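Following: one structure in structure tokens, then a few remarks.
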Number of protein chains: 2
Amino acid sequence: MKVLLVEDDVKISAAVSRGLRAEGFTVDIAMRGDDGLWMATEGSYDIILLDILLPGRNGYQVCATLREAGDWTPILMLTAKDGELDEAEGLDTGADDYLTKPFSYPVLLARIRALLRRAEKRDPAPVVAGDLRVDSVERRCFRGGFEVQLTTREFDVLHFLIRHAGEVVSKLEVLDGVWDYAFAGDPNIVEVYVGRLRKKVDHPFGKNAIETVRGAGYRLAGDGG
Amino acid sequence: MKVLLVEDDVKISAAVSRGLRAEGFTVDIAMRGDDGLWMATEGSYDIILLDILLPGRNGYQVCATLREAGDWTPILMLTAKDGELDEAEGLDTGADDYLTKPFSYPVLLARIRALLRRAEKRDPAPVVAGDLRVDSVERRCFRGGFEVQLTTREFDVLHFLIRHAGEVVSKLEVLDGVWDYAFAGDPNIVEVYVGRLRKKVDHPFGKNAIETVRGAGYRLAGDGG
DNA sequence: CTCCGCATGACTCCATCGTGACATAAAGGC
DNA sequence: GCCTTTATGTCACGATGGAGTCATGCGGAG
């Protein structure tokens, strides 16, 4: 699960991102409104946490621009103090929820989970490919009815592949979709994780679920098997 | 990949074009708005970088004129300073993105790549010719309902031919379109790949899907068969 | 008939991918 | 608090398939 946190207060963003990462979220941080907009447009996030008062472009504008562009990623608005946010205005620009600072971490987490559940219901992403199934809320994976134990990263990679089942996804797309924006490492890491996944979820016999398309990337078999 | 840069500041255009050429882009430069418009109309570019303040005709006008003429080449607007560009206005004329000067080169490059990716996805280019069909997302090729295994290069060449189905395309055009940039090698490579494609996708009997036009290039049969 | 452009099969080399081993960092048990 | 275990990412090496080169043969155009 990828979270985009757009917040210029370093203390808050540090605390929030640390907490969310401990929960297994992958967190990207933007400190300016325009940067946040850019990252939201380019990246693919499961949820966006958006401060109102931001340099570059305020939260309302970011939110409105995203919605105009047809991006309906769940947005949770963060507002510095009661009254700063005209709630009606915030919701009118297309935000899904708002939270007034100071907020406690458990409350934030609860709101995030609630939004994710709601978004999941509204727009269910494919979670099944062949006899593979993932449960994104519980972070569990099943093959043919039997559960397979996966680590956080392994799960994220598989989840990403299932959401793009049938498509060829390049290693860079996987990297962008699963790892931090700031991840500067070797794309070889994708090969490593695909390898680990194959060991765990591929059929012992028969054709591989994750197919290598040389020079292009990987393809998870779609409905066909 | 061909880039049209419309920019009257010589320092900027020199720096940008040098950088982009190093990345393998083919860069054409126009210093006036009307020249840029003409080049955009005449040539076929993958992306246009368009300054706002230009002699001859400003960037908004160039952009709007192109869109009116049905030209949907991705356009990245460049604006000299914050505030010069009324963003709403810039986007309303049909620009796909905008970038405020001064910008760093990596940011420019990232934006260009993002626009190209986006354009690739929304590109409704025909992917069917006769009983041949290619799916660029799944990177698969079918002849008469049966899948044909192609390597990356073979796929790219066939994809290019199908996008130009019915037209005669010269070997150089194929080279330019598939090998993208500065390929220093033997143009004979195109003949080699056409040969390999014929082996894989042509009918064992009956007329060839890929026709040789001696002295001019190749033509992939269009809807006719 | 002759020439030039195209077709084709064989061959080489290198980029890409797969994998096991290892360094670090975080989590958990005692 | 210390030690063990598990997870993440790095690296290097080996295997392999495909990209590109080349030489030769063919055939249409003039």
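Quick note on labels: first sequence line is chain A, next is B, and so on, each numbered from 1. What you see is a predicted model, and the numbers here were worked out from it, not measured in a lab.
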Regarding [X] and [Y], does a basic nitrogen lie under 4.0 Å from an acidic carboxylate oxygen?
| X | Y | value |
| --- | --- | --- |
| Lys101(A) | Asp51(A) | yes |
| Glu191(B) | Lys171(B) | yes |
| Glu147(B) | Arg140(B) | yes |
| Asp9(A) | Lys11(A) | no |
| Arg111(A) | Asp97(A) | yes |

Check your understanding: Is a side-chain N or O of Asp46(A) found less than 3.5 angstrom from the main chain of Lys2(A), in a donor-acceptor match?
Key ->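 Yes; judged by distance alone, with no hydrogens or angles, the pair exists.
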
Review point. Which angle, to the nearest 10 degrees, lies between the helix axes at the two ends of the helix from dC1(C)-dG30(D) to dC30(C)-dG1(D), each defined by five pairs?
Key: 30°

Study note, to complete from the structure: Contact span of DNA chain D against chain B, any nucleotide atom under 4.0 Å from a heavy atom, 5' to 3', runs dG18(D) to dG27(D)

Practice item. Let me see the working for Asp156(B) and Arg139(B) under side-chain contact (heavy atoms from CB on, under 4.5 Å), right down to the final yes or no. Key: CA-CA 9 Å; Asp156(B) 288 342; Arg139(B) 234 185 159 73; 2.7 Å; yes

Point to revise | Most 5' of Lys200(A) and Gly185(A) on DNA chain D, judged by nearest nucleotide | key: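 Nearer the 5' end of the strand: Lys200(A).
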
**Study point:** Pairs touching residues 115-158 of chain A that satisfy ring pair (Phe, Tyr, Trp, His ring centres under 6.0 Å), sequence neighbours left out
**Key:** Phe155(A)-His159(A)

To the nearest angstrom, how far is [X] atom [atom1] from [N] atom [atom2]?
| X | N | atom1 | atom2 | result |
| --- | --- | --- | --- | --- |
| Leu172(B) | dG5(C) | CG | C1' | 14 Å |
| Asp186(A) | dT16(C) | CG | P | 12 Å |
| Ile189(A) | dC22(C) | CD1 | C1' | 13 Å |

Check your understanding: What residues form a side-chain hydrogen bond (donor to acceptor under 3.5 Å, both in side chains) with Thr152(A), not counting sequence neighbours?
Key -> none

Exercise for review: Using a cut-off of strictly less than 4.0 Å between a heavy atom of the residue and any atom of DNA chain D, enumerate the qualifying residues of residues 146-163 of chain A by number.
Suggested key: Thr151(A), Thr152(A), Arg153(A)

Taking N or O atoms only and anything under 3.5 Å, show me the protein contacts with nucleotides 6-10 of chain C, one pair per line.
residue: dC6(C); atom: OP1; partner: Gly215(B); partner atom: N; Å: 3.2
residue: dC6(C); atom: OP2; partner: Lys171(B); partner atom: NZ; Å: 2.3
residue: dA7(C); atom: OP1; partner: Arg198(B); partner atom: NH1; Å: 2.7
residue: dA7(C); atom: OP1; partner: Thr212(B); partner atom: OG1; Å: 2.6
residue: dA7(C); atom: OP2; partner: Tyr218(B); partner atom: OH; Å: 2.6
residue: dG9(C); atom: OP2; partner: Lys199(B); partner atom: NZ; Å: 2.5

**Study point:** Test item: side-chain donor near acceptor, Arg198(B) and Thr212(B), under 3.5 Å
**Key:** yes

Review point. Do Ser13(A) and Arg18(A) get their side chains close enough for a donor-acceptor pair, meaning under 3.5 Å?
Key: no

Review point. At their closest point, which heavy atom of Arg219(A) faces which heavy atom of Gly166(A), and how far apart are they?
Key: CD-O, 3.0 Å

Review point. Do Leu220(A) and Ile162(A) come within less than 4.5 Å of each other through their side chains, counting heavy atoms only?
Key: yes

